[in-house]
Amino acid sequence: MSDASPRRARPATLGQLRKRATHCTACPLYARATQTVFGVGAASATLMLVGEQPGDREDIEGRPFVGPAETLLARALHDAGIERQSCYITNAVKHFKWGLLGKRRIHKTPAQREIDACRHWLLAELEAVRPQVLVCLGAIAPKAVRGRGFRLMRQRGQVLDTELGVRALATLHPSAGLRMIEPRQRTRALAMLIADLKRARRRRR
Ligand code: URA
């Protein structure tokens with residue numbers, strides 16, 4: 001190979017990315033968070049699940065989906081016939097944005113500029129994993145996986161092409177069920193999530 005031939009840089013490994021993200025100060029959220037919560041899972045994962053942002057527990061433990069939403073996510077994955085080992089799980093925003101309610105730290109919705117500042121990590125994770133389908137859990141991830149005419153939440157449950165070169169589907173966030181008071185609504189939200197995850201599973205090659 002001549003020196004002039006173009007060489008494509010190898011994508012960074014997940015380990016390298018995780019290490020680099022530890023020092024991320026791309027938006028002010030890092031200042032009030034305990035740590036960066038990077039994605040978890042194997043580079044060989046076929047599904048990438050993208051949540052919103054770490055919650056209180058995730059911020060302390062440094063892993064996505066270990067708090068109250070985890071139980072529902074685990075149940076939905078199980079009922080959809082998806083093994084957790086086949087998933088890479090991450091968030092659109094990697095630092096916890098919070099406010100105080102009494103003594104409790106409660107989640108505050110990240111602004112678009114914070115989602116944008118974090119987007120390069122999601123793109124790097126996508127490059128390292130190259131999943132067959134990306135599943136956006138809730139309304140924040142579609143704002144990171146944006147693109148012309150891409151209206152994921154309006155097209156909930158549909159597997160769509162994106163300009164990121166990966167097919168994506170948006171569905172309800174597992175916590176949506178937790179916030180619903182009516183048991184019937186909770187059951188319905190969970191059923192929707194399971195149906196959408198099944199659709200994503202079938203679209204894997
Ligand atoms: N909700 C999310 O969107 N992500 C987490 O990691 C935890 C709760």
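Both ligands and their constituent atoms are indexed starting at 1 by order of listing. Everything numeric here is computed off the predicted structure, so don't read it as measured data.
At a heavy-atom cutoff of 4.0 Å, ligand 1 is contacted by the side chain of E58 but not by its backbone.
For residues 186-197, the pairs satisfying side chain to side chain donor-acceptor pair (under 3.5 Å) are R156-D196, T171-D196, D196-R199, with sequence neighbours left out.
Every atom of ligand 1 is numbered from 1 in the order shown, and the set under 4.0 Å from a heavy atom of P64 is 6 (O). Short contacts between ligand 1 and G51, defined as distances under 4.0 Å to a heavy atom of the residue, involve ligand atoms 3 (O).
One distance of note links CZ of R84 with CZ of F65; it measures 9.0 Å at 0.5 Å rounding.
With E61, E70, Q53, H107 as candidates, the residue nearest to atom 8 (C) of ligand 1 on a non-hydrogen basis is Q53.
In terms of protein heavy-atom proximity, atom 4 (N) of ligand 1 is closest to N91 OD1, 2.7 Å.
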Please report, to 0.1 Å, the donor-acceptor pairs under 3.5 Å made by any side chain of residues 33-49, with sequence neighbours excluded.
unit_1	atom_1	unit_2	atom_2	d
T34	OG1	D59	OD2	2.5
Q35	NE2	D59	O	3.0
Q35	NE2	I60	O	2.9
T36	OG1	A21	O	2.8
T36	OG1	H95	NE2	3.0
T46	OG1	R204	NH1	3.0

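Considering backbone and side-chain atoms together, P54 places no N or O closer than 3.5 Å to any N or O of ligand 1.
Close to ligand 1: H173, with a non-hydrogen atom less than 4.0 angstrom away.
A distance-only check finds a donor-acceptor pair linking the side chain of E58 to the backbone of G55 [under 3.5 Å].
Taking a 6.0 Å sphere around CZ of R105, one finds it holds more than 12 heavy atoms contributed by other residues, nucleotides or ligands.
Nearest approach of P110 to K97, heavy atoms of both residues: CA-CD, 3.9 Å.
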